[in-house]
A.B. asks: 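Next up is a structure, given as structure tokens.
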Amino acid sequence: MGFQTEMVVMSIKEIGHSDENALLELLLTYKALGDEDALGNCSTSGCAPFRVKHGDDIDFESSDGDDDAGDTQPNYGDYGDESFIRNISEKDKKINSLVDMGFPENEANMAITRCGVDVDLSVLVDSISASLAAGDFDLSHQVTNRRSDSFGGTTKIRLIEDRKKKRKRYGGTAHGNQIFLDGSHYEHMPPPNPMVGFSLPNCSQLPVDRKIPKKAIGRPFFYYENVAQAPTGVWATISRCLYGIQPEYLDSKHLCAAARKRGYIHNLPIENRAPLLPLPPKTILEAFPRYKKWWPSWDTRTQFNCLRTSMACQQLTGSIGALARTGNPPPRNIQKDMIKQCKEYNLVWIGKNKVAALEPEEIEYLLGFPKDHTRGLASTNRYKSLGNSFQVDTVAYHLSVLRGMFPNGVTVLSLFTGIGGGEVALHRLGIHMKTVVSVEIDKASKRIFRHWWDQTQTGTLIEFDDVKSLTDATVASLVTRFGGFDLVIGGSPCNNLAGCNRYSRDGLEGKESVLFYQYPRILEAVKEAMARM
DNA sequence: TTTATGATGATATTCACA
DNA sequence: TGTGAATATCATCATAAA
């Protein structure tokens, strides 16, 4: 039948999800009317409750059809219903449901294999959509007249599947986008080179063709972050779920001494940004002059690579020290091997022929956190929490535009707070936080953030553990209580997106990274609640 | 039970060169 | 412009040690 996800969502919103026959009947009606007439032209699918109307606005539809009174469960796109699957095996029933929605049976089966049989139907829909969409999306940020044509023809699907099998997961050639025989290609939002965002401190404004849909303009401002080099198609999906706004890709090496290639999607103004002062050092030896004494001339590094969550082991640093003693200088081929390891693990020369990993305090400094911000945790946990955090100077540069807009302070909804990189950025900008509603599940990170808050802030801190437990009803209640939010900020888990994950780089449908979908769900709940104020 | 350690590639981009 | 080599990457797992 070839129904689009949006069509399914609209139908469910209209009649609920307990009446399968009525649902299918309505879907058929939509189909008979023609996708475009019923739904508008749509080039989306990665996130379920995303609907594009005719014209130039992009509108979200809340995934839960009611006002969430008494809503206590995570419900983003939740139209799975146990009564729906009562009489037959869960897997078969879900496959049948998905096939009835127009998905290919093999894709439905694969989605259940990927996501498990217990997940909501919406998760399976999103998984299949993302999978199929890889070869079926228009790249434009704007709404186009290109019809999605459901999920493409059978031939195309098989072609995509064959290609996927060959590539195993997210692969591709080393050169450019995948081009199919029919001329289409995978959705792709390659980061620019150089990765300098829309502007840099003390540099002239770059010409930026930036379009923000009407509905996404203004309060609440939002700021979303994740790794720039996510698997192909991930940023296109993220962008679609965040009003089609193009990511601002920026490598923090342009603001500090460590690389951190990240994508940021936000609706903040980009004029009149101001960096934190003093500007942080941009080279290793400016940041840590004491290492100059031991730094060999043949180690030509001037900046660190990405500061990650785990450090080099002693065995590695010891073996590099031994290699360093093979000559003065060591043979070129040995130098090459050593530099390769030093780059990968961000090692520094702390003595004669002696390298070591950066200390947690040094990483705090490079990332723009106050000294001892994470002190109190075991060192491995300090590395982990820091590796997962923002580079404060980078984020502060983007958030700096809020200073003039909210002279009396801001009310913040902070999702995936971690150790509070966003809040530290606001604090260092001199922006008062009247209230922060923080959502973070990791107890150690929560403790770090709470201690920092108690020491530096006078505003109100409200904490939640899990984004999934922050229901639309709770969001509405918070909006009423605090008069809305000025800023919704957060970077969702990158575990399944990061290139260094050798085990579960599963994309946005991965176990942790799937939490991304909570961000647009909650953001939209905030916007809807604020619209009712 | 918590923490530290060492081993575990694939993917995608960048760059040099023909 | 096309090709191959070089390079970078918010990680995870099993196991040992504390």
Side-chain angles (χ1 to χ4, degrees), chain A residues 164 166-179 186 188-195 224-235 249-253 258-264 300-301 303-320 336-337 339-346 357-358 360 363 366-369 374 376-392 394-395 416-419 421-422 442-445 490-507 510-513 515-516:
Chain A
K164 281 184 174 179
K166 286 178 186 173
R167 295 185 313 143
K168 290 177 74 176
R169 226 183 281 160
Y170 296 96
T173 66
H175 303 282
N177 299 342
Q178 291 288 322
I179 306 296
Y186 282 107
H188 200 15
M189 285 187 168
N193 182 25
M195 201 183 288
Y224 174 80
E225 177 262 12
N226 216 317
V227 292
Q229 288 161 340
T232 303
V234 164
W235 273 105
Y249 293 110
L250 175 56
D251 188 338
S252 294
K253 74 177 185 180
R260 205 165 188 81
K261 298 178 180 67
R262 297 292 180 267
Y264 305 88
T300 56
R301 286 178 296 155
Q303 290 189 299
F304 292 111
N305 279 334
C306 184
L307 303 167
R308 307 203 313 233
T309 57
S310 55
M311 294 293 113
C313 54
Q314 290 175 0
Q315 186 171 308
L316 179 67
T317 56
S319 66
I320 291 176
K336 193 176 169 186
D337 288 344
I339 289 177
K340 186 180 176 186
Q341 299 289 342
C342 287
K343 284 183 176 179
E344 181 169 1
Y345 291 99
N346 286 318
L358 289 163
I363 296 178
L366 290 166
L367 291 178
F369 287 92
T374 58
L377 300 182
S379 64
T380 48
N381 289 335
R382 294 181 74 180
Y383 287 126
K384 185 176 179 186
S385 60
L386 285 163
N388 283 319
S389 71
F390 290 161
Q391 204 288 322
V392 170
T394 307
V395 172
F416 314 102
T417 302
I419 57 174
D442 181 70
K443 288 184 171 56
S445 295
S492 61
C494 68
N495 309 42
N496 308 115
L497 311 179
C500 52
N501 185 342
R502 307 181 186 193
Y503 295 91
S504 53
R505 197 185 186 196
D506 301 326
K511 185 181 169 190
E512 284 83 19
S513 295
L515 288 174
F516 156 73

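Letters go in sequence order (proteins before strands), and every chain restarts at 1.
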A.B. asks: Enumerate the protein-to-nucleotides 14-17 of chain C contacts in which both atoms are nitrogen or oxygen and the separation is below 3.5 Å.
C.D. replies:
none

A.B. asks: With pairs defined as Watson-Crick or G-U wobble and both distances under 3.5 angstrom, please note down DNA chain B as a dot-bracket string, | for pairing with another strand.
C.D. replies: ||||||||.|||||||||
A.B. asks: Taking CG from A/Asn346 and P from C/dT7, how many angstroms apart are they, rounded to a whole number?
C.D. replies: 15 Å
A.B. asks: Considering every strand and a 4.0 Å limit on heavy-atom distances, what is the contact class for A/Lys384: base, sugar-phosphate, or nothing?
C.D. replies: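 The answer is nothing, as A/Lys384 stays clear of every strand by at least 4.0 Å.
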A.B. asks: Once you apply a heavy-atom cut-off of 4.0 Å, does A/Ser492 come out as touching a base, just sugar-phosphate, or nothing?
C.D. replies: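 Base: the residue A/Ser492, judged by heavy atoms under 4.0 Å, touches a nucleobase.
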A.B. asks: Can you tell me how far P of C/dC10 sits from CZ of A/Arg382, to the nearest Å?
C.D. replies: 22 Å
A.B. asks: Show the distances under 3.5 angstrom between N or O atoms of the protein and N or O atoms of nucleotides 4-9 of chain B.
C.D. replies:
{"from": "B/dA4", "atom 1": "OP1", "to": "A/Ser379", "atom 2": "OG", "distance (Å)": "3.2"}
{"from": "B/dA4", "atom 1": "OP2", "to": "A/Thr380", "atom 2": "N", "distance (Å)": "3.1"}
{"from": "B/dA4", "atom 1": "OP2", "to": "A/Thr380", "atom 2": "OG1", "distance (Å)": "2.2"}
{"from": "B/dT5", "atom 1": "OP1", "to": "A/Gln314", "atom 2": "NE2", "distance (Å)": "3.2"}
{"from": "B/dG6", "atom 1": "OP2", "to": "A/Gln314", "atom 2": "N", "distance (Å)": "2.9"}
{"from": "B/dG6", "atom 1": "OP2", "to": "A/Gln315", "atom 2": "N", "distance (Å)": "3.4"}
{"from": "B/dA7", "atom 1": "OP1", "to": "A/Gln315", "atom 2": "NE2", "distance (Å)": "3.2"}
{"from": "B/dT8", "atom 1": "N1", "to": "A/Arg502", "atom 2": "NH1", "distance (Å)": "3.3"}
{"from": "B/dT8", "atom 1": "O2", "to": "A/Tyr503", "atom 2": "OH", "distance (Å)": "3.0"}
{"from": "B/dG9", "atom 1": "N7", "to": "A/Arg502", "atom 2": "NH2", "distance (Å)": "3.3"}
{"from": "B/dG9", "atom 1": "N1", "to": "A/Gly499", "atom 2": "O", "distance (Å)": "3.2"}
{"from": "B/dG9", "atom 1": "N2", "to": "A/Gly499", "atom 2": "O", "distance (Å)": "2.8"}
{"from": "B/dG9", "atom 1": "N2", "to": "A/Asn501", "atom 2": "O", "distance (Å)": "3.2"}

A.B. asks: Mind checking A/Cys306 for me? I need base, sugar-phosphate or nothing, with any heavy atom below 4.0 Å counting as a touch.
C.D. replies: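 Sugar-phosphate, no base atom in range.
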A.B. asks: Among residues at least two apart in sequence or on other chains, which ones pass side chain to side chain donor-acceptor pair (under 3.5 Å) with A/Ser445?
C.D. replies: A/Asp442
A.B. asks: How many Å lie between CG on A/Asn305 and C1' on B/dT14, as a whole number?
C.D. replies: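 That distance rounds to 13 Å.
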A.B. asks: C/dT9 C1' sits how many Å from A/Lys253 NZ, rounded?
C.D. replies: 14 Å
A.B. asks: Whole-Å distance between B/dT3 P and A/Lys443 NZ?
C.D. replies: 13 Å
A.B. asks: Only counting residues at least two apart or in another chain, list the ones meeting side-chain contact (heavy atoms from CB on, under 4.5 Å) with A/Lys343.
C.D. replies: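 Result, side-chain contact (heavy atoms from CB on, under 4.5 Å) vs A/Lys343: A/Arg301, A/Asn305, A/Ile339.
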A.B. asks: Roughly, in whole Å, what's the span from CD1 in A/Ile339 to C1' in C/dA8?
C.D. replies: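 Rounding to the nearest Å, CD1 of A/Ile339 and C1' of C/dA8 are 15 Å apart.
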A.B. asks: Without decimals, in angstroms, what is the distance between A/Gln229 CD and C/dA8 P?
C.D. replies: 11 Å
A.B. asks: Could you tell me whether A/Asn388 contacts a base, only the sugar-phosphate backbone, or nothing, with contacts defined as non-hydrogen atoms closer than 4.0 Å?
C.D. replies: base
A.B. asks: Establish, from distance only, whether the side-chain atoms of A/Asn226 and A/Tyr224 form a donor-acceptor pair under 3.5 Å.
C.D. replies: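 Result is yes, a qualifying pair exists.
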A.B. asks: Assess the side chains of A/Ser504 and A/Asn501: does a donor N or O sit below 3.5 Å from an acceptor N or O?
C.D. replies: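 Yes, A/Asn501 and A/Ser504 have a side-chain donor paired with an acceptor closer than 3.5 Å.
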A.B. asks: Taking only residues two or more places apart in sequence, or in another chain, which ones meet A/Lys261 in a salt bridge (Lys or Arg N to Asp or Glu O under 4.0 Å)?
C.D. replies: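 Only A/Asp251 meet the salt bridge (Lys or Arg N to Asp or Glu O under 4.0 Å) criterion with A/Lys261.
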A.B. asks: Nearest nucleotide by nearest heavy atom, which residue falls closer to the 5' end of DNA chain C, A/Lys336 or A/Thr309?
C.D. replies: A/Lys336
A.B. asks: In whole Å, I'd like the distance from the OH atom of A/Tyr383 to the C1' atom of B/dT2.
C.D. replies: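 Computing the A/Tyr383:OH to B/dT2:C1' distance gives 18 Å.
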A.B. asks: Strictly below 4.0 Å: does A/Arg260 bring a side-chain N or O up to OP1 or OP2 of C/dC10?
C.D. replies: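 No, no such contact exists.
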A.B. asks: Testing the 3.5 Å rule here: is there a donor-acceptor pair between the side chains of A/Thr374 and A/Arg382?
C.D. replies: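 Yes, side-chain donor-acceptor contact under 3.5 Å.
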A.B. asks: Using a cut-off of 4.0 Å on non-hydrogen atoms, how would the nucleic acid contact of A/Lys261 be classed: base, sugar-phosphate, or nothing?
C.D. replies: sugar-phosphate
A.B. asks: Take atom C1' in B/dG9 and the same atom in C/dT7, then report the distance between them in whole Å.
C.D. replies: 14 Å
A.B. asks: Just to confirm, is there a sub-4.0 Å distance from OP1 or OP2 of C/dA11 to any side-chain nitrogen or oxygen of A/Ser504?
C.D. replies: no
